[in-house]
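Report on the structure given below.
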Protein chains: 2
Amino acid sequence: MRIGELGEATGVDVETIRYYERSGLLPEPQRQANGYRAYGPLHLERLSFIRHCRALDMSLADIQRLLAFFDRPQADCGDINRVIDEQLERVRARLKSMRALEKQLTSLRSHCEAGHTAKECGILQELVAAAHGEACACHPAAAQ
Amino acid sequence: MRIGELGEATGVDVETIRYYERSGLLPEPQRQANGYRAYGPLHLERLSFIRHCRALDMSLADIQRLLAFFDRPQADCGDINRVIDEQLERVRARLKSMRALEKQLTSLRSHCEAGHTAKECGILQELVAAAHGEACACHPAAAQ
DNA sequence: TGAACACCCTGTAGCCGCTACAGGGTCAAG
DNA sequence: CTTGACCCTGTAGCGGCTACAGGGTGTTCA
């Protein structure tokens with residue numbers, strides 16, 4: 001299986017596949033006589049695994065940690081749980097700040113309907129007020 | 001006001017301030033005889049504005065668009081609304097995918113309590129199943 | 001006087017996870 | 001024998017910083 005076929009099969013760009021190899025996530029494949037990479041089913045499986053983890057927004061470093069378990073199946077799986085827990089923690093923290101962000105932007109947006117000059121624009125005025133540290137609709141309490 | 005004082009006053013790293021200058025967000029300040037940057041109150045205000053917008057997760061390019069309005073206060077503010085609307089759109093889209101992500105990770109996490117070997121770990125098994133494209137707890141419907 | 005230290009300067013390289021070249025080689029079809 | 005699709009390596013770019021290296025400046029204290 002050449003790199004293009006692997007890419008086709010997994011939906012991954014060939015440049016990305018080479019990048020994963022360079023980064024040590026995907027083991028170096030054998031080469032054909034002409035120097036082309038020759039992949040087997042194990043590469044396909046591993047690449048699919050990587051992509052699924054990426055879809056869960058894990059870092060390549062964390063994926064590396066998970067991949068290591070395939071090489072030592074007798075190891076305690078505590079570290080696997082830890083990777084997932086940490087990821088979940090990050091996602092939840094990010095979710096929290098995104099929700100706050102949406103609130104702030106929604107409030108900000110409500111300060112202007114189009115048709116003013118920039119000088120009169122409530123949005124800009126709010127942003128400037130916020131920059132001054134005054135209480136503003138979009139940052140009502142202390143800016144943490 | 002020297003760069004360190006400006007940084008202190010705004011809570012912005014001096015390297016970041018210089019970076020904003022290089023990027024054209026912060027106008028070049030005057031220089032003291034010794035070559036040190038000399039900032040005035042307008043720089044302080046502008047930098048605070050930038051940081052507040054960054055706290056709203058706007059890109060530097062979008063902040064640039066907003067800053068341009070200070071130089072032409074008579075312009076129609078339609079573009080300001082557009083920047084905020086686009087940002088709100090991005091935040092909402094991201095929120096949606098983060099919520100899905102949290103669900104997937106939570107479900108994944110429920111597949112293993114610690115104390116197994118890696119081989120038996122439900123999480124790893126689920127991830128491999130997912131990589132195979134089989135229906136899995138964390139990717140139940142079609143992987144889009 | 002001079003040594004230590006905090007601050008400032010420029011320029012460059014690194015982080016992440018790709019993406020996009022440039023400049024070449026390989027191979028099958030027309 | 002030329003076109004075109006594929007492959008190779010190596011390098012540079014994205015955004016938004018962050019972290020040096022290698023130097024200059026200015027104050028304080030012995």
Side-chain angles (χ1 to χ4, degrees), chain A residues 1-26 28-40 43 46-67 83 86-87 90-91 94 97 101, chain B residues 1-26 28-40 43 46-67 83 86-87 90-91 94 97 101:
Chain A
M1 193 179 218
R2 286 180 309 172
I3 196 168
E5 299 171 277
L6 180 62
E8 189 73 17
T10 52
V12 180
D13 193 290
V14 297
E15 306 264 23
T16 304
I17 297 176
R18 284 195 278 253
Y19 170 74
Y20 287 160
E21 182 181 323
R22 272 201 306 283
S23 315
L25 279 159
L26 211 50
E28 291 193 22
Q30 291 195 264
R31 298 286 180 146
Q32 293 173 359
N34 58 14
Y36 289 13
R37 288 171 179 80
Y39 292 101
H43 288 98
R46 190 140 168 156
L47 181 55
S48 304
F49 180 88
I50 294 169
R51 289 310 279 192
H52 185 69
C53 292
R54 284 294 298 135
L56 294 173
D57 212 22
M58 292 184 204
S59 70
L60 297 188
D62 278 350
I63 297 172
Q64 191 79 283
R65 281 165 76 190
L66 293 182
L67 283 169
V83 169
E86 286 165 13
Q87 180 63 10
R90 272 193 296 274
V91 167
R94 184 99 180 108
S97 79
L101 200 51
Chain B
M1 191 178 220
R2 286 181 308 174
I3 196 167
E5 298 171 278
L6 181 61
E8 190 73 16
T10 53
V12 179
D13 192 291
V14 298
E15 306 263 24
T16 303
I17 298 176
R18 284 195 278 254
Y19 170 73
Y20 287 160
E21 181 181 324
R22 274 201 306 283
S23 314
L25 278 158
L26 211 50
E28 291 192 21
Q30 291 193 266
R31 298 285 181 145
Q32 294 174 356
N34 58 13
Y36 289 12
R37 289 171 177 80
Y39 294 102
H43 288 99
R46 190 140 168 158
L47 181 54
S48 304
F49 180 88
I50 293 171
R51 291 309 281 193
H52 186 68
C53 292
R54 285 292 298 134
L56 294 172
D57 212 23
M58 293 182 203
S59 70
L60 297 188
D62 278 351
I63 297 171
Q64 191 79 283
R65 282 166 75 191
L66 292 182
L67 284 168
V83 169
E86 287 165 12
Q87 180 62 12
R90 271 193 296 274
V91 166
R94 185 101 180 106
S97 78
L101 200 50

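These numbers were taken from a predicted model, which means no experiment stands behind them.
Counting heavy atoms from C-beta outward, B:L67 and B:I50 have side chains that approach closer than 4.5 Å.
Following rounding to the nearest Å, A:N34 (CG) and D:dA5 (P) show an atom-to-atom distance of 19 Å. Atom CG in B:L26 sits roughly 15 Å away from atom C1' in D:dC17 (whole-Å rounding).
Every ring pair (Phe, Tyr, Trp, His ring centres under 6.0 Å) that A:Y39 has, sequence neighbours left out, goes to A:H43. Remark: B:F49 pairs with B:F70 by the ring pair (Phe, Tyr, Trp, His ring centres under 6.0 Å) rule, at least two apart or across chains. A:V14 meets the side-chain contact (heavy atoms from CB on, under 4.5 Å) test with A:I3, A:R18; sequence neighbours excluded. Listed by chain and residue number, nothing satisfies the ring pair (Phe, Tyr, Trp, His ring centres under 6.0 Å) test with B:Y19 (two or more places apart in sequence, or in another chain). Contacts of A:R37 classified as salt bridge (Lys or Arg N to Asp or Glu O under 4.0 Å), with partners at least two apart in sequence or in another chain: A:E21. When the salt bridge (Lys or Arg N to Asp or Glu O under 4.0 Å) test is applied to A:E5, the partners found at least two apart in sequence or on another chain are A:R2. Take B:E86 and apply the side chain to side chain donor-acceptor pair (under 3.5 Å) test, not counting sequence neighbours, and it matches B:R65. Residues passing the side-chain contact (heavy atoms from CB on, under 4.5 Å) test with B:S59, sequence neighbours excluded: B:A61, B:D62.
Against DNA chain C, the stretch residues 11-21 of chain A makes heavy-atom approaches under 4.0 Å through A:E15, A:T16, A:Y19, A:Y20.
Counting only residues at least two apart or in different chains, salt bridge (Lys or Arg N to Asp or Glu O under 4.0 Å) contacts with residues 50-61 of chain B comprise A:R94-B:D57.
Take the nearest nucleotide of DNA chain D for A:R2 and for B:Q32: the residue whose nucleotide is more 5' is A:R2. Each of A:L60 and B:R37 has a nearest nucleotide on DNA chain C; the 5'-most of these lies closest to B:R37.
Judged by distance alone, with hydrogens and angles left aside, the side-chain atoms of B:R46 form a donor-acceptor pair with the main-chain N or O of B:L25 at under 3.5 Å.
Looking at heavy-atom distances under 4.0 Å, B:S59 makes contact with sugar-phosphate atoms alone, never a base.
Along DNA chain C, read 5' to 3', the first and last nucleotides having any atom under 4.0 Å from a heavy atom of chain B are C:dC7 to C:dT10.
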Practice prompt. Return one dot-bracket line describing DNA chain C 5' to 3' (Watson-Crick or G-U wobble pairs, both distances under 3.5 Å; ( ) same strand, [ ] crossing, | another strand, . none).
Written response: ||||||||||||||||||||||||||||||
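Residue B:R22 places no side-chain N or O under 4.0 Å from the OP1 or OP2 atom of D:dG16.
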